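Written below as structure tokens is the structure these notes are about.
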Amino acid sequence: MRWPVARRGFWVRLGAIIVKEVLQLGRDRLTFAMMFAMPIMQLLLFGYAIDTDPHRLPTAVIAADQSQITRSVLSALANTGYMNFTHRPASEEEANALLQRGEVQFVVTIPADFTRRLVRGERAQILIDADATDPLAAANPLAAAGPAINQALARDFVGPLAGLRHRADAVELVVQRRYNPEGKARLNIVPGLLAVILTMTMVMMTALAVTRERERGTMENLLAMPVRPIEIMVGKIMPYIVIGAVQVTVILLISRLLFDVVVEGSLPLFCLGTTLFIIVNLAIGFTISTLTQNQLQAMQASFFMMLPSILLSGFMFPFRGMPVWAQWLGEALPATHFMRIVRGVMLKGADLGDVSAELIALVAMLLIVSTLAISRYKVTLD
Amino acid sequence: MPLLELKNLRRAFYGLEVLRGVDFSVAAGGITGLIGPNGAGKTTLFNVVSGLVPPDGGSIRFDGREIAGAAPDVVSRAGLVRTFQVARGFPKLSVFQHLMLYGRDQPGESLWQAIMGTRAARDREAALAERAWETARFLRLDALIDNPATALSGGQKKLLEIGRALMAEPRLVLLDEPTAGVDPKARRAFWDEIHAYAAQGITVLVSTHYMDEAERCHEIAYIAYGELMARGTALEIIRQSGLIAFIATGPGADRLAVKLRDAPGVTAAAAFGATLHVCGPDREALKQAIEPYGHDPTIVWQEAAPTLEDIFIHLMGTARDNAPGA
């Protein structure tokens with residue numbers, strides 16, 4: 001015997017299922033909103049915020065020589081559009097500190113005997129120290145500096161100096177790529193990956209761990225136990241701190257063994273920054289779990305955190321290449337501050353003073369996010 | 001003094017009053033059955049009493065202490081523990097780990113003692129492990145003690161739910177429909193165990209839909225539409241109800257249920273196999289209602305004592321008359 005095949009009514013049945021699906025989706029407003037918000041956010045970030053060729057990078061100038069030619073050289077560098085002379089340090093030490101703290105991208109030094117040597121027909125030097133931790137940010141400004149200086153000098157070499165126009169070695173541009181002399185991208189990427197991996201795993205794992213309990217209904221069991229809500233909250237977060245620490249150890253070992261990336265600076269400082277960053281991310285994950293109803297929403301909300309952390313933190317694209325509004329958004333992300341700590345300590349050997357502002361920013365974020373998480377955390381089923 | 005005393009307990013959800021001023025008490029050391037139809041407010045009552053849902057008003061006194069609006073962990077620590085209607089264990093934990101999780105006063109919970117493994121922590125851990133084994137044996141879960149909670153049957157999950165509540169060493173345990181979906185043999189075993197626990201001094205408040213289970217309670221409270229409708233032992237409730245019942249037997253007697261259900265003077269007409277139960281508060285009105293069917297020689301009518309079910313269906317009808325929007 002053959003069973004009757006229900007061919008008739010296919011479109012009606014299909015329509016009914018579609019209507020049911022649309023109704024369900026429409027009533028899950030958060031999921032619905034995120035489906036539209038995510039592509040819009042991507043478009044805005046990629047369209048407006050990302051610039052792989054950053055301009056007007058903060059630059060310190062030590063001009064020990066104050067001649068017309070020196071002014072001409074500095075104007076030429078400024079006119080490339082890549083350098084913005086923001087600092088005038090009094091000494092080389094002060095300039096180094098600015099570079100170490102990441103406050104400037106370049107230090108341009110024009111020695112006191114620069115013009116005198118030119119006039120004497122000797123080779124004169126201009127020094128540019130670049131923070132090359134991000135080779136992408138340093139490459140174009142350094143490439144543009146030489147031709148710009150030569151062009152400017154060609155205009156200034158008149159009268160008795162006219163003979164220098166045809167001497168290619170009249171001025172030597174000495175470039176020092178600090179912290180990453182070979183311009184290896186991996187030196188910049190590997191420490192940055194720590195921030196991205198920890199953001200991805202810590203935020204999402206915590207958000208899902210809590211919403212999973214709620215979705216399965218076991219949160220009721222936890223709440224009805226003789227355990228205080230704060231103990232449930234901290235107890236759910238604590239294991240992930242250990243998981244985060246293991247992740248960091250594995251990444252550091254692989255970085256050292258495969259990519260030859262080591263921690264140049266203080267390991268305790270590195271651990272302090274990392275632990276703080278992990279806790280901030282866990283607190284964010286917990287907050288997400290208090291704002292979302294189920295695991296799908298928690299996952300989507302976590303992506304909202306992750307995407308800007310990858311794009312706006314300076315991990316993939318130079319931070320200073322972004323417009324001011326995007327930089328402010330970036331400053332609100334823990335990954336941005338941890339990126340500076342981890343790159344500073346690992347590549348530049350930065351000390352506590354160099355990264356204290358970033359540590360304070362992370363502590364402030366932890367306080368704000370924890371307050372939000374605690375205020376949102378419900379100890380009842382209401 | 002009752003162990004649990006509720007006064008004028010109220011709770012509404014989105015404007016719908018689920019608890020409408022419930023006054024109710026549970027005596028220490030007994031088993032009180034809370035029965036009522038679906039949506040009567042039984043689970044809400046449990047949620048409010050256990051602190052999972054704050055009340056809108058009223059008083060909840062447990063062992064003389066006011067606990068209305070207290071957080072669930074505070075209520076739990078005070079010795080009032082509950083189970084849930086749908087038994088959901090932590091899927092990756094074994095039966096033993098579930099039981100251990102709910103053990104009280106674990107010094108090993110302090111980070112320092114857990115790391116140091118102090119003697120006090122080890123001793124308490126060992127005592128709790130022994131208690132967990134005892135509880136598992138009592139609930140006949142000892143053979144499954146290392147199995148994950150997900151591997152248990154529905155009935156076994158219910159037992160584990162009770163086990164974890166008992167591990168918290170409660171003075172009062174609220175069991176929310178603990179035998180729903182459990183086979184009759186397991187239900188009987190379960191009730192034997194509940195009586196054994198009550199004999200140890202644990203007070204039990206149990207919600208159920210089953211009348212045979214209600215009859216096994218020391219006292220019954222009937223709740224419908226957020227109000228307490230009746231209270232007492234099964235016999236007291238039957239006696240107080242003043243309900244008259246007639247039973248009809250014979251071929252086709254059960255089919256009269258449809259005809260009699262809406263007849264004047266009849267509050268309930270229900271078929272049980274080939275027999276028919278017809279109830280009403282007034283004997284004469286009831287007799288008049290069944291009179292047209294009394295001439296059929298194949299059907300025998302007899303007056304009988306109403307069952308608990310008859311009474312609760314009758315009370316439900318009364319409550320519906322009083323319910324908002326009725």
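Hydrogens, waters and symmetry mates play no part in the numbers below; they use all other heavy atoms, side chains included. Just so we're clear, the structure is a prediction, and the values are computed from it rather than from any experiment. Numbers restart at 1 for each chain; the letters A, B, ... are given by sequence-line order, proteins then strands.
- Counting non-hydrogen atoms of neighbouring residues, nucleotides and ligands closer than 6.0 angstrom, the CE atom of A:M299 reaches no more than 12 such neighbours.
- Rounded to the nearest 0.5 Å, atoms CZ (B:F90) and CG (A:L222) are 4.0 Å apart.
- Counting heavy atoms from C-beta outward, A:N221 and B:R164 have side chains that approach closer than 4.5 Å.
- Applying the 6.0 Å contact sphere to NZ of A:K236 captures more than 12 heavy atoms from other residues, nucleotides or ligands.
- Atom OG of B:S76 is separated from atom CZ of A:R228 by 13.5 Å, given to the nearest 0.5 angstrom.
- Scanning residues 205-218 of chain A against chain B with a 4.5 Å heavy-atom cutoff picks out A:E213, A:R216, A:G217, A:T218, ordered by number.
- Qualifying salt bridge (Lys or Arg N to Asp or Glu O under 4.0 Å) partners for B:R88, counting only residues two or more places apart in sequence or in other chains: none.
- Scanning residues 151-158 of chain B against chain A with a 4.5 Å heavy-atom cutoff picks out nothing at all.
- Other residues, nucleotides and ligands place more than 12 heavy atoms under 6.0 Å from the CZ atom of B:F138.
- In this structure, A:M200 places its CE atom where only 12 or fewer heavy-atom neighbours from other residues, nucleotides or ligands lie under 6.0 Å away.
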Using the rule given for side chain to side chain contact (heavy atoms under 4.5 Å, CB included), can you reason through A:M225 versus B:L101, listing the C-alpha separation, both sets of side-chain angles and the distance that settles it, and then say yes or no? CA-CA 9 Å; A:M225 277 171 65; B:L101 187 62; 3.8 Å; yes
For B:L52 and A:L223, what are the C-alpha separation, side-chain angles and deciding distance, and is it a side chain to side chain contact (heavy atoms under 4.5 Å, CB included)? CA-CA 8 Å; B:L52 281 172; A:L223 291 175; 3.7 Å; yes
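- Counting heavy atoms of neighbouring residues, nucleotides and ligands inside a 6.0 Å radius, atom CD of A:E231 exceeds 12 of them.
- With sequence neighbours left out, the salt bridge (Lys or Arg N to Asp or Glu O under 4.0 Å) criterion links A:R256 to no other residue.
- Of all heavy-atom pairs spanning A:A224 and B:P72, the tightest one is CA-CB, 4.3 Å.
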